[in-house]
Amino acid sequence: MEEPHSVNSPRRILSLSKKRRATVSFLDADERDSGFGVSGEHGPKPSEVYGFVGSITTVVATVIFLVWAYVPEAWLHSIGIFYYPSRYWALAVPVYVMVTVVLALGFYVGLNFILTPSPASLNSIYDEFSREPSSRIPSMDGDDQPIQPISDIGIHKINDLMFNSVN
């Protein structure tokens, strides 16, 4: 299979191929960079379409909810709307959702408290991933010393820094 040949110039792109006839397009450099007018990229991206449809759907659903919740029943009957859910649900559903979110957050915090070891536990000091700092100090002069690998600081050093070095 033969590669199509093209001739590029600042103002003109000429595409030559045996399988299709030569095409000439006159594009500015700005148009070529932006992607408009270039074959192969037609129409909007799917994410843009989904975002547009989602925003329109949200606005329409909000308007329908507000009409259902606040317009008097006599007005709804006068325009021919006789079947709709009880007004109780206009208040109950948002309250149920808010209470569910608050309870989920409380449950999440409580679960983290239950799963966290106590401060007196040895698991909060040492575990299978603990690493002691390297005792080898490189003898390099000046500012060219390498950064030491990540390691845990022992509890005895922390206590010494916090409680014994009072100035």
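Values below: every heavy atom of this structure, side chains too, minus hydrogens, waters and symmetry copies.
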Only distances under 3.5 Å count here; give the side-chain donor-acceptor pairs of residues 63-76 to other protein atoms, sequence neighbours excluded, each with its distance to 0.1 Å.
unit_1	atom_1	unit_2	atom_2	d
W68	NE1	P85	O	2.9

Can you give me every donor-acceptor pair (side chain of residues 101-115, partner residue at least two apart or in another chain, under 3.5 Å) with its distance?
unit_1	atom_1	unit_2	atom_2	d
N112	ND2	Y108	O	3.4

Validation: residues 43-56 side-chain donor-acceptor distances under 3.5 Å, sequence neighbours left out:
unit_1	atom_1	unit_2	atom_2	d
E48	OE1	K45	N	3.4
S55	OG	G51	O	3.3
S55	OG	F52	O	2.8

Quiz item: What pairs with Y88 under side chain to side chain donor-acceptor pair (under 3.5 Å), at least two apart in sequence or on another chain?
Solution: Y96
Quiz item: Mind checking what makes side chain to side chain donor-acceptor pair (under 3.5 Å) contact with Y84, not counting sequence neighbours?
Solution: none
Practice problem: Not counting sequence neighbours, which residues clear ring-ring contact (aromatic ring centres under 6.0 Å, His included) with F82? List them please. | Solution: H77
